[in-house]
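In what follows, a structure is listed as structure tokens, so that the remarks can point back to it.
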Amino acid sequence: MVKPLVAGNWKMNGSRIFAEELVGGVLADLSRSVCADIALCPPSIYLPQVCQILTSGNNSIVRLGAQNVGAQDEGAYTGEISPGMLAEFDCHYVLVGHSERRALFGETNQQIADKFQAVQRHKMVPILCIGESLEQREAGITFEVLAEQLAPLFQLPDEVWKQAVIAYEPVWAIGTGKTATPEQAQEVHSWLRDTLRGQVNEIADNVQLLYGGSVKPDNAKLLFAQQDINGFLVGGASLNLQDFLAICRVAD
Ligand code: 13P
């Protein structure tokens, strides 16, 4: 069985006080044993703060994740944060290829593949986000779009999938309150598992496949019951302590 993972992506939300309260609340509640992996991805400026709370809280359950990373190790890249810097602050995961980065900041599949490799060079785990837009779904080209997003990654050695997570986030479900039905999500997740198997054989069976897009406590249960859904990448609901904890419990 694939170990579940629930990751909260705060996006560009929060404050120092928010981070302290939310992370403290998560730790206080999840300090008992949980079977799922749990990750928090605050904005990068709060990574040192959250890192400190997590390490001082005698915590072995909640891991830190970053929302983005520069593809280069160092140099004249104003405004970027290198993978080595994230690793210094105990980041375990890094989101790459979130649809907001693709749509609003023009990230290409190749740039995303470069970031994916940069993250792994520094011994962190990339959470690769992929997903189709509403127009693409309605045009019946969902699987073509996903295959294109995965293509540069499939040029890499098979071993990269031993330390990687994939999050399927249909763009039309992100922040819209319109979740994919469990059947729609499972259809894509089972396609993903099969595609990975075709590419990397049995390594595929251990890759955590997350669903993201308007995940809430009341829809998480049915989604998680699907065979190939191994957890969630949660946006809006991860900003609410009780909602996030409820989703973590579903995956536990
Ligand atoms: P929402 O849960 O707010 O729809 O966001 C999903 C997401 O983009 C997580 O990365």
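Please read all numbers here as calculations on a predicted model, not as lab measurements. We count ligands from 1, going down the list as the structure has it; atoms in each ligand are counted the same way.
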Inset, instruction - Kindly determine whether Trp161 and Ile166 satisfy side-chain contact (heavy atoms from CB on, under 4.5 Å), including the steps that lead there. - result: CA-CA 9 Å; Trp161 296 102; Ile166 300 181; 3.6 Å; yes
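Proximity of Trp191 to Glu187: side-chain heavy atoms (C-beta onward) are nowhere separated by under 4.5 Å. Between Leu192 and Val207, the closest side-chain pair of non-hydrogen atoms is not below 4.5 Å.
In terms of protein heavy atoms, atom 5 (O) of ligand 1 is closest to Lys11 NZ, 3.2 Å. In this structure, the protein non-hydrogen atom closest to atom 2 (O) of ligand 1 is Gly235 N, 2.9 Å.
Taking all heavy atoms of Lys178, Glu169, Lys216 into account, the minimum distance to atom 7 (C) of ligand 1 is reached by Glu169. The heavy atom nearest to atom 4 (O) of ligand 1, considering only Ser238, Pro170, Gly131, Gly175, is found in Gly175.
When only modelled atom types and interatomic distance are considered, Gln186 and Asp228 share a side-chain donor-acceptor pair under 3.5 Å.
For Phe18 and Trp10, the ring centers are positioned less than 6.0 Å apart.
Counting heavy atoms closer than 4.0 Å to ligand 1, residue Asn9 contributes side-chain atoms (C-beta onward) but none from N, CA, C or O. Using a 4.0 Å cut-off between heavy atoms, Ala173 contacts ligand 1 through its backbone alone, with no side-chain atom that close.
Here Glu20 contributes atom CD and Gln49 contributes atom CD; the two are 6.5 Å apart, rounded to the nearest 0.5 Å.
In terms of N/O distances under 3.5 Å, ligand 1 is approached by Gly236.
Close contacts of ligand 1 with Gly213, meaning ligand atoms under 4.0 Å from a residue heavy atom, involve 4 (O), 6 (C). The ligand atoms of ligand 1 that sit less than 4.0 angstrom from a heavy atom of Leu233 are 9 (C), 10 (O). Close contacts between ligand 1 and Ser214 involve ligand atoms 1 (P), 2 (O), 4 (O) [criterion: under 4.0 Å to a heavy atom].
The aromatic rings of Phe232 and Tyr211 sit perpendicular, their planes meeting at an angle over 60°, well past the 30° parallel limit.
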